[in-house]
Amino acid sequence: MKILAFESSCDETAVAVVEDGRKILTDQIFSQADLHAVYGGVVPEIASRCHVESISLLTERAIQAAGITRRDIDAVAVTYAPGLIGAVLVGVNFAKSAALALGVPLVPVHHIRGHIAANYLAYPELEPPFLCLAISGGNTLLIDVRGYTDMKIIGATRDDAAGECFDKTARVLGLPYPGGKPIDELSRGGDDNRYSFPIATVDGNPYDMSFSGLKTAVINLVHNAEQKGESIDRAGLAASFTKAVSDSLVPRTMRAAAELGRDAVVVAGGVAANSRIRADFQKAAEQQGVKLYIPPLRLCGDNGAMIGAQGYYEYLAGSRAGSDLNAYATMDI
Ligand code: KG4
């Protein structure tokens, strides 16, 4: 079954064709990151306009690159939540028109479910149940994935997402947006014990997280140094900061896996590209005797293929949308 899939929830316009939920026939991504970099973050109006400008052409290109004709498409899948509302709306409306024009079913997909499904594309043997840590620019969630469409959030950040924390740390260091990759590069070779940063625990739920204190600590450290005319060890700061994020995520995830009796851990989302976090998970999984799945770098960030993968399982579960499908800025998984 071939699914034409759309993703437009933030600053990537992405169109893919995925076969039977596991095989990428094409994965076209147009990143707007350069357009937003000058503002230091995503400007929602610019994102929406850019999606409108690129989605038709990207769709034509995807169908051509997949080596199929429009008649070969069996269903259309689209991210309908969560995300920047104007941006999500562009994908939803385009997908509705495509499904109507092609006479095929329309399948709505939750963006974070898509990030999880990126792992199905990379690992043919992976099947639920497993425990998933989803770490992206807007979300940080611990999810018990009981089935392909049966998931329960067991922990979440109470404030900032891990990715947001990377982006703000990069900004205060004068690094470009999005800041995760530049921080990752800067931290290599840096002393991760150079600065001491807080690792928050949250009363009431050991699986909940908090990153706003860490973000504030980094900002204060840099501003204080600037005011005193002191120089900062930038590589040491990036490494110490990344260690603090990793120490907040990795032990908590492994503990949750042990307590829920899950023998597989899946990491998903843009921050899963971080080299330190990947290495720490690798070590922890080996120690605990748990199977670890992290997508290859190209599938960590937003892409259309992950929506096609999850769309397949949503389709099998009977999920269908009509032309009244709406976009939502927030939605439980
Ligand atoms: O999943 P994603 O592409 O978009 C959302 O759905 O939010 O995640 C984007 C986030 C950004 O905050 C970006 O800075 C972060 O992923 N990111 C990284 C790395 N690469 C991207 N964070 C840490 N280390 C990286 N190597």
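Note that the numbering runs from 1 along the sequence shown for the chain. All ligand and atom numbering here is 1-based and tracks the order in the structure.
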Per-atom contacts of ligand 1 with [X], taking only distances under 4.0 Å to non-hydrogen atoms:
| X | value |
| --- | --- |
| G179 | 14 (O) |
| D302 | 1 (O), 2 (P), 3 (O), 4 (O), 5 (C), 6 (O) |
| G301 | 3 (O) |
| G138 | 7 (O) |
| A273 | 20 (N), 26 (N) |

Self-check item: Step-by-step side chain to side chain contact (heavy atoms under 4.5 Å, CB included) determination, R146 to M151
Solution: CA-CA 6 Å; R146 299 181 285 208; M151 305 171 198; over 6 Å; no
For ligand 1, find out whether one of its N or O atoms is nearer than 3.5 Å to an N or O atom of [X].
| X | result |
| --- | --- |
| S275 | no |
| G163 | yes |
| G137 | yes |
| H111 | yes |
| D184 | yes |
| G180 | yes |

Quiz item: Would the Y148 and Y120 ring centres measure less than 6.0 Å apart?
Solution: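 Distance test on ring centres: under 6.0 Å, yes.
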Self-check item: Aromatic ring proximity, centroids under 6.0 angstrom, F166 and F241
Solution: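 Yes, the ring centres sit under 6.0 Å apart.
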Could you check whether any side-chain heavy atom of [X] comes within less than 4.5 Å of a side-chain heavy atom of [Y], counting everything from C-beta outward?
| X | Y | result |
| --- | --- | --- |
| R171 | K168 | yes |
| T79 | F6 | no |
| V76 | V107 | no |
| L142 | I153 | no |

Practice problem: Answer yes or no for H115: is there a heavy-atom contact with ligand 1 below 4.0 Å? | Solution: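 Contact check H115 vs ligand 1: positive.
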Self-check item: Winner among N139, V245, D167, V271 once heavy atoms are compared against atom 12 (O) of ligand 1
Solution: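 Checking each option, the heavy atom nearest atom 12 (O) of ligand 1 is found in D167.
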Self-check item: Side-chain donor-acceptor pair present, T13, S8, cut-off under 3.5 Å
Solution: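 No, no side-chain donor-acceptor pair sits under 3.5 Å.
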Quiz item: Which protein non-hydrogen atom lies closest to atom 24 (N) of ligand 1, naming both residue and atom, and how far is it?
Solution: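 So the nearest neighbour among protein heavy atoms is N274 ND2, 3.1 Å.
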Quiz prompt | atom 1 (O) of ligand 1: the protein heavy-atom neighbour that sits closest, reported with distance to 0.1 Å | solution =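 Protein heavy atom with the smallest distance to atom 1 (O) of ligand 1: G270 N, 2.9 Å.
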Quiz item: T26 pairs by side-chain contact (heavy atoms from CB on, under 4.5 Å) with which of I68, V17, L4?
Solution: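 Going through the options one by one, the only one that passes is V17.
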Quiz item: Only one of D159, T157, T201 clears side-chain hydrogen bond (donor to acceptor under 3.5 Å, both in side chains) with S210; which?
Solution: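 Option passing the side-chain hydrogen bond (donor to acceptor under 3.5 Å, both in side chains) with S210: D159.
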